[in-house]
Amino acid sequence: MNRFFGTSKPQGPKPTIVDAINSTDGRVDSVEVKIKKLDAELLKYKDQMKKMREGPAKNAVKQKAMRILKQKKLYEGQRDQLMQQSFNMEQASMATENLKTTLVTVDAMKSANKELKQQYKKINITKIERVQDEMEDLLEQANDIQETLGRSYGLPEDVDEDDLEAELDALGEEFMEEEETPSYLQEPTYAPEMPSSATLHEEPTMPGGIQVDEYGLPQAPVKLNA
């Protein structure tokens with residue numbers, strides 16, 4: 001039977017709206033090329049008519065220019081229709097994409113809502129409040145323990161604060177006195193006496209007025225010649 005009637009060919013995938021937009025844009029480009037070609041012809045005929053005198057020849061060129069101009073108007077109308085169709089399909093494509101995005105968002109929200117409900121079923125508010133109260137009690141007990149450990153022992157209770165301040169001031173004065181410069185580091189307030197020139201030139205003598213030499217030995221008396 002297939003020999004006589006044949007079999008149907010497998011159908012390919014149906015064109016999408018994106019394919020339709022691309023095809024329409026391609027037709028718009030083709031029409032634009034034709035319009036530019038007609039503009040070039042019109043410019044040529046216009047230049048010819050400027051150089052021609054009135055008469056049958058000029059009228060013939062004018063008729064050709066009018067025919068080219070009508071074709072241009074036709075192509076321009078076709079171009080505008082194709083551009084409007086492409087714009088409408090782009091709007092439809094955008095609406096479709098927005099709808100798909102919305103559906104995905106709704107599905108994600110449903111899944112999240114379902115998961116949240118399952119998680120909230122595992123939470124007991126009463127137990128959370130009980131844990132919070134127990135934590136507060138434990139913190140108070142910890143503060144009491146710290147206060148107990150920080151308690152002072154053996155300090156007199158009847159100490160006057162004025163006496164303590166006076167003692168503190170006295171300690172401050174003692175510290176100031178201790179920080180003063182020691183006497184052996186202080187500069188002298190008097191100038192030492194320098195020996196006079198006469199004293200420097202006096203020769204040393206022993207008791208009895210006997211002169212001594214540089215080694216401290218008595219010098220022999222000098223005999224004078226008669």
Side-chain angles (χ1 to χ4, degrees), residues 1-139 142:
M1 296 291 292
N2 291 336
R3 291 180 181 178
F4 299 103
F5 300 101
T7 57
S8 60
K9 295 181 180 180
Q11 296 180 355
K14 295 182 179 181
T16 62
I17 191 170
V18 177
D19 296 335
I21 292 173
N22 293 333
S23 177
T24 304
D25 290 340
R27 292 174 62 187
V28 170
D29 294 338
S30 178
V31 173
E32 286 284 355
V33 172
K34 293 179 180 180
I35 292 174
K36 290 181 180 180
K37 185 178 179 181
L38 294 176
D39 286 335
E41 293 183 7
L42 285 173
L43 184 61
K44 182 181 67 173
Y45 290 145
K46 187 175 181 180
D47 292 339
Q48 289 180 1
M49 286 189 295
K50 287 181 180 180
K51 299 176 182 179
M52 296 175 67
R53 296 179 179 179
E54 295 293 338
K58 186 176 181 178
N59 292 332
V61 175
K62 186 176 180 181
Q63 290 298 322
K64 291 180 181 180
M66 293 294 292
R67 185 173 65 253
I68 297 298
L69 184 59
K70 290 180 180 179
Q71 292 180 0
K72 179 185 175 182
K73 294 294 184 182
L74 179 64
Y75 283 132
E76 286 178 347
Q78 186 178 3
R79 179 198 59 187
D80 295 340
Q81 290 179 356
L82 291 173
M83 292 178 65
Q84 185 63 40
Q85 292 177 9
S86 178
F87 177 72
N88 293 337
M89 286 187 291
E90 286 179 356
Q91 285 187 325
S93 178
M94 292 177 59
T96 303
E97 292 297 329
N98 291 335
L99 183 58
K100 289 180 180 179
T101 303
T102 302
L103 293 175
V104 172
T105 304
V106 171
D107 291 338
M109 293 177 64
K110 287 181 179 179
S111 299
N113 190 17
K114 183 178 180 181
E115 186 175 356
L116 284 174
K117 287 181 179 180
Q118 292 178 355
Q119 295 296 330
Y120 275 123
K121 289 180 181 179
K122 301 177 183 179
I123 297 175
N124 191 337
I125 301 299
T126 304
K127 290 182 179 180
I128 294 176
E129 292 178 352
R130 188 184 303 115
V131 171
Q132 190 72 14
D133 294 338
E134 292 176 356
M135 181 65 69
E136 186 177 358
D137 295 338
L138 290 173
L139 291 176

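Every heavy atom of this structure was used, including side-chain atoms; hydrogens, water molecules and symmetry mates were not. Here the structure is a predicted model, which is why all the values come from computation and not from measurement.
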Check: Residues in side chain to side chain donor-acceptor pair (under 3.5 Å) with Q84, at least two apart?
Finding: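 In terms of side chain to side chain donor-acceptor pair (under 3.5 Å), with neighbours along the sequence ignored, Q84 is linked to N88.
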Checklist line | All side chain to side chain donor-acceptor pair (under 3.5 Å) counterparts of T16, not counting sequence neighbours | finding: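 Per chain and number, T16 pairs via side chain to side chain donor-acceptor pair (under 3.5 Å) with D19.
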Any residue meeting side-chain contact (heavy atoms from CB on, under 4.5 Å) with [X], in chain and number order, not counting sequence neighbours:
{"X": "N124", "value": "T126, K127"}
{"X": "N22", "value": "V18"}
{"X": "K34", "value": "S30, Y75"}
{"X": "I123", "value": "Y120, I125, I128"}

Under 3.5 Å, side-chain donor or acceptor atoms of residues 105-117 against the rest of the protein: list the pairs with distances, not counting sequence neighbours.
residue : atom : partner : partner atom : Å
T105    : OG1  : T101    : O            : 2.8
S111    : OG   : D107    : O            : 3.1

In Å, rounded to the nearest 0.5 Å, how long is the span from [atom1] of [X] to [atom2] of [Y]?
{"X": "I68", "Y": "K37", "atom1": "CD1", "atom2": "NZ", "answer": "9.5 Å"}
{"X": "E76", "Y": "L38", "atom1": "CD", "atom2": "CG", "answer": "9.0 Å"}
{"X": "D137", "Y": "Q132", "atom1": "CG", "atom2": "CD", "answer": "10.5 Å"}
{"X": "K121", "Y": "Q118", "atom1": "NZ", "atom2": "CD", "answer": "6.5 Å"}
{"X": "L74", "Y": "Q71", "atom1": "CG", "atom2": "CD", "answer": "8.0 Å"}

Checklist line | M89 atom CE, neighbour heavy-atom count above 12 within 6.0 Å | finding: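 Counting other residues, nucleotides and ligands, CE of M89 exceeds 12 neighbours.
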Check: Is there side-chain contact between K70 and K73, with heavy atoms separated by less than 4.5 Å?
Finding: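 No. Closest side-chain heavy atoms not under 4.5 Å.
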Check: Can you check whether S86 reaches V28 side chain to side chain, under 4.5 Å on heavy atoms?
Finding: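 A side-chain contact is absent here, since even the closest heavy-atom pair is not under 4.5 Å.
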Checklist line | Residue pairs involving residues 24-33 (criterion salt bridge (Lys or Arg N to Asp or Glu O under 4.0 Å); sequence neighbours excluded) | finding: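 Applying salt bridge (Lys or Arg N to Asp or Glu O under 4.0 Å) to every pair that reaches into residues 24-33, excluding sequence neighbours, yields E32-R79.
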Next item on the list: Sequence neighbours left out, what passes salt bridge (charged side-chain N to carboxylate O under 4.0 Å, His left out) with D80? Give chain and number order.
Entry: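 In terms of salt bridge (charged side-chain N to carboxylate O under 4.0 Å, His left out), with neighbours along the sequence ignored, D80 is linked to no residue.
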Next item on the list: For E90, check salt bridge (charged side-chain N to carboxylate O under 4.0 Å, His left out) against everything at least two apart and list the hits.
Entry: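 Salt bridge (charged side-chain N to carboxylate O under 4.0 Å, His left out) check on E90 returns nothing, list empty.
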Next item on the list: Return the minimal non-hydrogen interatomic distance between I17 and A92, and the atom names on each side.
Entry: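 Answer, listing the atom of I17 first, then A92: CD1-CB, 3.7 Å.
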What pairs of donor and acceptor atoms, side-chain ones from residues 40-56 against any protein atom, are under 3.5 angstrom apart with sequence neighbours left out?
residue : atom : partner : partner atom : Å
E54     : OE2  : K58     : NZ           : 3.0

